[in-house]
Structures are given as structure tokens and as C-alpha cells.
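By convention in this document, chain letters (A, B, ...) are assigned in the order of the sequence lines, proteins followed by strands, and residues within each chain are numbered from 1.
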Protein chains: 2
Amino acid sequence: MRLSTKGRYGVTAMMDLAIHDGVGPVTLADISQCQGISLSYLEQLFSKLRKHGLVEGVRGPGGGYKLARPAEGITVAEIIAAVDERVDITNCNGKGDCQDGQRCLTHELWTELSNRLFDFLNDITLSQFVSRPGIRELAMQRDQINGRFALAKRQASALRQEAR
Amino acid sequence: MRLSTKGRYGVTAMMDLAIHDGVGPVTLADISQCQGISLSYLEQLFSKLRKHGLVEGVRGPGGGYKLARPAEGITVAEIIAAVDERVDITNCNGKGDCQDGQRCLTHELWTELSNRLFDFLNDITLSQFVSRPGIRELAMQRDQINGRFALAKRQASALRQEAR
DNA sequence: CTAATACTTGACTAAATTACTAGGTTAAGT
DNA sequence: ACTTAACCTAGTAATTTAGTCAAGTATTAG
């Protein structure tokens, strides 16, 4: 388990998709503007997210990315693992030994801590953040301010339908 | 909150000190051998740990490093923060705004997740791992195998004293 | 005192990761 | 057709990580 800016970008981007889930796809250009990182870098990240079955791309005008699965089933740990693609857990773990064929005691303690951390993050889903009351409405307001008109429009009609 | 190999090195090294707490200082050369990283790199890490009041150096023959405080009071989050020295939490947070003077909603959600993660790691102390029954004895055995005779000797007499 | 041990500091280098740039191709909507 | 936006590839600048080298200082055993 590793947590870097890359993982943060992935998680926040996925939150963005989750907020607009069911409303319509979100373009990378939008996310790029909001997060302040380059479009091509986002493309790299989303390529990984797509290959791990977390998002789906929709081509053409009005296209973008959307969640491949409901937000309830997507955990933070999954997202981080997808963008990080890290295999090496410890220095010696690949070979299985630390020195003299013995694994260092501290490494065992570390993997235990690492597992606890994973369980913690694997228990947090996107929906936990997005399904809070009022979040959708707030997102719509911000979309209008930020010039995401297409999204805001679709969001508004989605909210009207929900109201019925 | 960031978690890289640097943080892992710091945590595992601190676990090593905690295991030998009360027994005597641990030399960086020992840790270097066990963790498989260079002595000078460890020196850099321990310089930070010392400046953050987590460890104390003992000079002269038989010297090394030891915990500056009891293991019960040292949390994993503290160690990671000490070696990482990271300030930037989000891309826009330094300036306080994301775009158009509005903070992106996703960034707020991220900081919330980040705080949860910090609380989690700040609740895990070194003693939780080290004070498990049998850990000290196991450490002594490994020290002998790994040629850490001085430590093993002190550890043994410490255990004898505990037995009384 | 002297030598051995171990911490301290700084400057410098190699490797890996992060982030970006520039050029495309492909699919779908108008 | 034309535009939009996903998708792909290669290269590269910037930053971080990890390690090296060298010249110190402090402590203590003998």
C-alpha cells in the first residue's frame, strides 16, 4: 500500500465521476481544469482506471468517463491500487528472505500494519462521500459557476426526476 | 498524508528501536544490514526523526539510537510525518482556492478522507506491535543469528531481570 | 592520552517516479 | 463533413528517492 499524489488524483477524480453518476459522463478536460493537472497526465491515469474496470469511456461529443460500477462497490483502496500498480511490498519480500534466510521481524510487523491500512481503505467506498444529503445540489451550483453547463443542465433534470 | 518507502523505512526502523527499548541503543549499521538500505541514507532519516523528538542518539562505543519517548506515546502517523516533511495537502489548498475563488468540491471530500486516514494512523502506536507476547524473545533469537551479539546479550539480561 | 566507535553535516550522483508535451488514431454526435 | 472527446504512443523535464563520499565532532573503553 502506497499513497502518493498519483493516488490522490485518482481518488478525487473518481469522486467527481461519482458525484455526476447517472447524470452523464464527465470529460477529462473538466477534471483537468478542476484539479489543475494536465489533460495527458489524466489520460494516463484513466487508462489504468479503465483497464482495472473502474471506469468506462464514452466517445464523441457529450462523451467523457463514467463509473463502470455503482459507487457503493468502489473502494478507495481499489482506486489507489489501480493507479499505483505497485508490486514490491518490502525490500526483501520479493525474495522472501531478509538476510541469512531469515525474515526481519520488523518486516513482519510492517506487513501487518500495511494490511490493517489496506482493510481500512478498502472499507471506504465512493458512495460514502457522495451520497451525503445536498452534495448533488452543491455540485450542480459549482458546475454552473465553473462553466460546466452541459453537466449542470443534465444534473438539474436528473434532480427533477428524482423529486417525482 | 503520504505513504512511500521513506515512511516505511522510518516505521520499520522505529519498530526495531521499540523492540530493543530498555535493552540498549541500536546502531544504524545493524538496521542498515537488516533493512538492506545504505547507512548514510538511514543517517538522513534518523536526523529527521531526532529533530522531531522521536529518537535520541547515544555516542561512543556501545552507542546507537533509542526511542526518545515510551513506545506507547509514539504513533505511526507521527513517524511518517517526521520523515516525509510534506506540507502540500492538495494542489490548490495552498492558495485556498481551486478556480474562480471556489474550492472544488472533490478537494473538500479528499481532505475529509485524508483526515480520516490520519486519525487511523495516529491511533496506532509502536507499542501495539512490540508489546505482543513473545516478540522480545523472538527478537533476541534473531539478533543472535544475525550477529547482533551485543544487543542479544543485553536483551537476555533484561529478560532475566524481568523474570524476577 | 589514545584509539575505537558512532553520530553529524554537507555536497554530490544515480535511479526512479511524477508530471507534462506533442503528436497522432478512432468513434460518435450534429 | 466536421467537431468532440476518448484513446494511444513516445519522448522529456522536473522532482523525489536512494545512495555515495568525505570531513568532521563527541564519547568512552582501555
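- The CG atom of Leu28(B) sits 16 Å away from the P atom of dT5(C) (whole-angstrom rounding).
- Under the side-chain contact (heavy atoms from CB on, under 4.5 Å) criterion, Asp123(B) pairs with no residue, sequence neighbours left out.
- For residues 34-86 of chain A, the pairs satisfying ring pair (Phe, Tyr, Trp, His ring centres under 6.0 Å) are Phe46(A)-Tyr65(A), with sequence neighbours left out.
- Contact annotation: Tyr41(B) does not reach the phosphate of dG19(D) (side-chain N/O to OP1 or OP2, under 4.0 Å).
- For residues 46-66 of chain A, the set of pairs meeting the salt bridge (charged side-chain N to carboxylate O under 4.0 Å, His left out) definition, not counting sequence neighbours, comprises Lys48(A)-Glu85(A).
- Looking at every heavy atom in both residues, Leu42(B) comes nearest to Leu28(B) through CD1-O, 3.6 Å.
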Check your understanding: How would nucleotides 22-30 of chain C be written as a contact map, 5' to 3', with B for base contact, S for sugar-phosphate-only contact and - for no contact, using protein heavy atoms under 4.0 Å?
Key -> B---BSBS-
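- DNA chain D is contacted by both Val58(A) and Lys6(B); Val58(A) maps to the nucleotide lying nearer its 5′ end (nearest heavy atom per residue).
- Glu112(A) pairs by the salt bridge (charged side-chain N to carboxylate O under 4.0 Å, His left out) definition with Arg132(B), not counting sequence neighbours.
- In terms of the ring-ring contact (aromatic ring centres under 6.0 Å, His included) criterion, Phe118(B) has no residue partners (sequence neighbours excluded).
- Here dC7(C) presents its C1' atom at 14 Å from CD of Gln44(B), a figure rounded to the nearest Å.
- You'll find that the side chain of Ser4(A) is closest to dT18(C), out of dT20(D), dT18(C), dA10(D).
- No side-chain heavy atom of Leu3(B) sits less than 4.5 Å from a side-chain heavy atom of Leu117(B).
- Among the nucleotides dT9(C), dT21(C), dC8(D), the one closest to any side-chain atom of Lys51(B) is dT9(C).
- The nearest whole Å value for the distance from the CD1 atom in Ile31(A) to the C1' atom in dA5(D) is 13 Å.
- Residue contacts shown for Gly57(B) are absent, as no nucleic acid heavy atom lies under 4.0 Å away.
- Side-chain proximity of Tyr65(B) to dT18(C), dC7(C), dT17(D): nearest is dC7(C).
- Taking the side-chain contact (heavy atoms from CB on, under 4.5 Å) definition, one finds that Thr75(B) meets it with Ala77(B), Glu78(B), Asn122(B), Thr125(B), sequence neighbours left out.
- Stem list for DNA chain C (at least 3 consecutive Watson-Crick or G-U pairs, distances under 3.5 Å): C:1-30 with D:1-30.
- Distance Leu39(A) CG to dT21(C) P: 11 Å, rounded to the nearest Å.
- At whole-Å resolution of the value, NZ in Lys66(A) and C1' in dA6(D) are 13 Å apart.
- In this structure, Ile37(B) atom CD1 and dT16(D) atom C1' are separated by 15 Å, rounded to whole Å.
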